[in-house]
Protein chains: 2
Amino acid sequence: MSNKHTATIRDIAQIAGVTPGTVSRALNSSTLVKEETKLRILKIAEELDYSPNLAARRLSTGKTFAIGVVVPFFTRPSVSARLDGVVSILSNSQYDLVIHDIASPKQRSIGFQDVLRPERIDGALIISMPIVHEDIYYFNNSKVPIVFIDRKNPDLTDFDSIIIDDVLGGYETTQYLIKLGHRKIGFIGDITEELTKPETDIKKQENPFMFTSSRDRYKGYKKALSEAGIPISPDYYGEGQYGYREARELAFQMLRIDDPPTAIFAASDIQAFGVIRAARRLGLSIPEDLSVIGFDDIQAAELMELTTTRQLLFESGRKGVELLLQAISDDHKEHINITLPTELIIRNTTAPPKV
Amino acid sequence: MSNKHTATIRDIAQIAGVTPGTVSRALNSSTLVKEETKLRILKIAEELDYSPNLAARRLSTGKTFAIGVVVPFFTRPSVSARLDGVVSILSNSQYDLVIHDIASPKQRSIGFQDVLRPERIDGALIISMPIVHEDIYYFNNSKVPIVFIDRKNPDLTDFDSIIIDDVLGGYETTQYLIKLGHRKIGFIGDITEELTKPETDIKKQENPFMFTSSRDRYKGYKKALSEAGIPISPDYYGEGQYGYREARELAFQMLRIDDPPTAIFAASDIQAFGVIRAARRLGLSIPEDLSVIGFDDIQAAELMELTTTRQLLFESGRKGVELLLQAISDDHKEHINITLPTELIIRNTTAPPKV
DNA sequence: TGACATAATGCAAACGGTTGTAATTCAACC
DNA sequence: GGTTGAATTACAACCGTTTGCATTATGTCA
């Protein structure tokens, strides 16, 4: 039923009575080949169930027809929603999507320099990755175009990127709670990740902060409070590792102080879920006793009926990869930074405070 | 700072004063090269920041060093949890992971024959894909090894696969509800997907059912009820498209009949969330008025405190890719079907029925 | 010390495409 | 009918590795 080896361009050439070069041109719909022979070749290719050997084409053209996507844990719903947008575009293109999950610090150190190579990919999409100073060296020296989605470092404006205005988002989210009548508003966010890399201690000094979205959202929070004349209390601030459980414990503590907040703004939906859990454990009902608001609007937010500030996750992936494909074809052009809008989605975890 | 082109094996050879062949052997830690020269070559390679050109290596060896993963919507939490397991293994190997999202029927028709090619991948992992009869033709003719994770079709025992015993899972899940004292137990599951492919109507006749996990879990449900002497009522059965909203509507209807169930077994966690939502909307409190139990134990299940039957999603990905790597190296061997265990996880959405 | 086994390296073909350039065909025109 | 230029096609090098085989260097033993 099947031949020993898959058909090559030479097999087709022999049958068609032409040379491999002509077959190649015919297959790539070059105008340099007569319509008649092109059809003949195409027909033979079809019959032979021919499909071009990617490795050979890659070697020959110097293009890889692959784009690399670097993500941290892609089980995070926000990350996988972004990936979904990337896939939606890429599955209709000739590009392969190769995934690199750089989660552990060990992978990370060899990660970027290993991935950003023209022998491997034509372009890279870096999604929601915390970036340390020494990474930037590799980015600057990258031979392939890079697009950042949810860029975590303000120093990287030299690259294309898709971001949101986290400060504004945090500001508007907090404003909504204030408008509801809350004045005791807690904030629970995630800490700057400390990647332990002893050999770069010095470099780290230059860039001591790895800016996270959480931090920016907190800035917006403070701005909103200030404008409303509400003092900012350290008692109403909780910071820990990213995650459901961590946020739960932080909220648990915050809700047990003497004068607990009547509303909590969590830096992400996942963390908001932790807050909800803690509140329930303390017998508080939501939203009557405590308003909770998140950020992202991941799928589960709808399930939990969580009020949250939506960001266009899917869209960010779509736009990001479009930018990248463009950067791959155009040689030189200006770098583009697209800021996607956010939107408040009101569900059932927020209400005016009890009087 | 950087050379015009990335260093090749020839550059190294020239500097080291040897031939490319020797460099190749040195780099691949062949024993055929003297320790001394090997070290010298390695050092030069390091200095030149050499990294092998994958395309060339692929063309030369005939191996692609890539494995293809075919998934439907990978935003589904259960799918992405499985993928996570795959990645955990692959990121420590020399294999690239290329993702193919075959969701729409259009992509599907060209999908498998396009993907399962030795020029593209060394092996394929097919995860949670509904399979129609005509797909099987491509699987049987595949030149690359295939491993199914969460295989959806009983005809595919000729391939390696990682599955769970859905009948048993459904059985035990239902048994738990019975043990709690429930006798009015509803089931909400998802329907056999109808892939509209007019040209294959005839073939479809031969295999009219596309078996889904949901169906098997329902079998287990029926078995448990029968053994307990509980009659099976069509009023307590709901079937619709997979999804949160669909399940919510089904549950909404089921809970409004004259003698509604006191417990509902949903075929997946996502669907269980829909049931919970419907119950809340009807003013029923959980678990007092209604017990709800799911299946899968996705991350959100913990957040929702959902009682559910856990399957080892991450593990399925891990084991699946291990099987595949093995199949790629061993030429011939028996096909392996691994059945992973399930486990009841009791949280807060189940309780004895009110008396 | 010469013969011989063995270790180390060189040589060159192959993998399957692409593409610049040369060669051929063909039609049109004078 | 020969000339010319455009349209086709052939030719051959090249992309960067790997690998079987030939060759040379090294060491062993009688």
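Note: hydrogens, waters and symmetry copies are ignored here, and every other heavy atom, side chains too, is used. Nothing here was measured: the structure is a model prediction, and the numbers come from that model. Naming convention: chains lettered A, B, ... in sequence-line order (proteins, then strands); numbering from 1 in each chain.
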Of C:dT18, C:dG17, D:dG16, the nucleotide closest to the side chain of B:Ser60 is D:dG16
Among D:dT9, D:dT18, C:dT18, the nucleotide that comes nearest once only the side chain of A:Arg57 is considered: C:dT18
Could you please name the option among D:dT9, D:dT17, D:dT19 that lies closest to any side-chain atom of B:Asn53? D:dT17
Taking N and O atoms by type only, does the side chain of B:Arg25 place a donor or acceptor under 3.5 Å from a partner on the base of C:dG10? yes
How close or far is atom P of C:dG17 from atom CD of B:Glu119, stated in whole angstroms? 8 Å
Mind calculating the distance between CG (A:Leu27) and P (D:dT9) to the nearest angstrom? 14 Å
Can you check the B:Leu48 CG to D:dG16 C1' distance for me, whole Å? 15 Å
Quick one: B:Lys63 NZ to D:dT17 P, roughly how many Å, whole number? 18 Å
Separation of atom CG in A:Leu59 from atom C1' in C:dG17, rounded to whole Å: 8 Å
Do the side-chain N or O atoms of B:Thr8 get closer than 4.0 angstrom to the phosphate oxygens (OP1, OP2) of D:dG16? no
Considering just the side-chain nitrogens and oxygens of A:Ser24, establish if one lies under 4.0 Å of OP1 or OP2 belonging to C:dT18. yes
Please name all residues satisfying side chain to side chain contact (heavy atoms under 4.5 Å, CB included) with A:Ile338, sequence neighbours left out, ordered by chain then number. A:Ile162, A:Lys319, A:Leu323, A:Ile336, A:Leu340
Would you say C:dG10 has OP1 or OP2 under 4.0 Å from some side-chain N or O of B:Thr19? yes
